[in-house]
Amino acid sequence: QVQLVESGGGSVQTGGSLTLSCTASGVIFSIYPMGWYRQPPGKQRELVATVAEGGSASYADSVKGRFTISRDNSKNTIYLQMNTLKPEDTAVYYCYQYKAPYTYWGQGTQVTVSS
């Protein structure tokens, strides 16, 4: 059984920083792509960042230069370092792992950025 367990998120003020983590079990972690989606209140889900098994990363335009995705294969964990946070970053963040032909999801963690 594949499980993804996320950190608890949190609340920060505009300009602050926050790091999310997600640990996977039940898979060979190092060979599968992983990443983060988010869903702001009242808006559609959007892809935030992905990291391939070799460590290459990609980002949504809205977070480039502010967010960094990384993976620690020894801990079966991915991270999302979020800097210079803005109110529009407020959302529920979900980690995922793609193990073809399925996608597995974490439970979601709330990030709130206040002005």
Side-chain angles (χ1 to χ4, degrees):
Q1 178 70 249
V2 174
Q3 294 189 33
L4 303 175
V5 180
E6 300 173 331
S7 65
S11 299
V12 297
Q13 292 186 305
T14 298
S17 299
L18 191 65
T19 299
L20 306 181
S21 64
C22 177
T23 299
S25 63
V27 299
I28 304 172
F29 178 86
S30 63
I31 68 173
Y32 300 114
M34 296 183 71
W36 296 88
Y37 276 83
R38 69 184 182 187
Q39 186 167 17
K43 298 182 179 180
Q44 294 184 336
R45 181 186 64 179
E46 64 177 344
L47 181 62
V48 177
T50 62
V51 58
E53 62 272 18
S56 60
S58 62
Y59 300 91
D61 288 342
S62 59
V63 306
K64 286 181 179 178
R66 300 189 298 118
F67 289 13
T68 302
I69 188 171
S70 61
R71 64 193 298 157
D72 185 340
N73 291 334
S74 69
K75 297 181 179 180
N76 286 354
T77 299
I78 65 166
Y79 305 91
L80 187 67
Q81 175 66 49
M82 303 181 292
N83 298 321
T84 319
L85 283 162
K86 305 174 181 179
E88 52 262 45
D89 295 318
T90 295
V92 178
Y93 285 70
Y94 300 90
C95 68
Y96 74 88
Q97 183 175 56
Y98 180 62
K99 183 182 179 184
Y102 305 109
T103 301
Y104 300 91
W105 298 91
Q107 78 283 358
T109 185
Q110 177 70 48
V111 172
T112 302
V113 184
S114 61
S115 60

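A distance of 10.0 Å separates CD of Q3 from CD of Q107, quoted to the nearest 0.5 Å. To the nearest 0.5 angstrom, Q13 atom CD is 12.5 Å from T112 atom OG1. Rounded to the nearest 0.5 Å, atoms CD1 (I69) and OG1 (T50) are 6.5 Å apart. Summarising the geometry, atom CG belonging to L85 is positioned 11.0 Å from atom OG belonging to S11; distances are rounded to the nearest 0.5 Å. Taking SG of C22 as the reference point, atom CD of E6 lies at 5.0 Å (rounded to 0.5 Å). Between the CG atom of L20 and the OG atom of S7 there is a distance of 5.0 Å, given to the nearest 0.5 Å.
Cluster membership for Y79 and L18, using ILVMFWY side-chain heavy atoms within less than 4.5 angstrom, is not shared. When hydrophobic clusters are built by joining Ile, Leu, Val, Met, Phe, Trp and Tyr residues whose side-chain heavy atoms come closer than 4.5 Å, directly or via intermediates, I78 is not grouped with V5. The cluster map of Ile, Leu, Val, Met, Phe, Trp and Tyr, joined by side-chain heavy atoms under 4.5 Å apart, puts Y32 and Y94 in different clusters. Put simply, Y102 and Y98 are part of two different groups of oily side chains (I, L, V, M, F, W, Y) that touch within less than 4.5 Å, one to the next. In this structure, L47 is a member of the same hydrophobic cluster as W105, with clusters built from ILVMFWY side-chain heavy atoms closer than 4.5 Å.
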>> Y96 vs Y37, test: ring pair (Phe, Tyr, Trp, His ring centres under 6.0 Å). Steps then yes/no.
In response: CA-CA 8 Å; Y96 74 88; Y37 276 83; 5.5 Å; yes
>> The test is side chain to side chain contact (heavy atoms under 4.5 Å, CB included); show your working for D89 and R66 and say whether it passes.
In response: CA-CA 11 Å; D89 295 318; R66 300 189 298 118; 2.8 Å; yes
> Step by step, would you call T77 with S21 a side-chain hydrogen bond (donor to acceptor under 3.5 Å, both in side chains)?
Replying inline: CA-CA 7 Å; T77 299; S21 64; over 6 Å; no
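Ion pairing between D61 and K64 holds under the 4.0 Å rule for side-chain N and carboxylate O.
The closest side-chain heavy-atom distance from T103 to Q97 is not below 4.5 Å.
Of all heavy-atom pairs spanning P41 and A91, the tightest one is CD-CA, 4.5 Å. Here the closest non-hydrogen pair linking L4 and A24 is CD2-CB, 3.3 Å.
In summary, of the residues considered (T90, V63, V92), a side chain to side chain contact (heavy atoms under 4.5 Å, CB included) with R38 occurs for V63 alone. Checked against W36 for a side chain to side chain contact (heavy atoms under 4.5 Å, CB included), the options Y59, F67, Y93 give a single hit: Y93.
Proximity of a side-chain donor or acceptor of R71 to a complementary backbone N or O of G54 within less than 3.5 Å is not detected.
When the side chain to side chain contact (heavy atoms under 4.5 Å, CB included) test is applied to Q81, the partners found at least two apart in sequence or on another chain are S17, T19, T68, N83.
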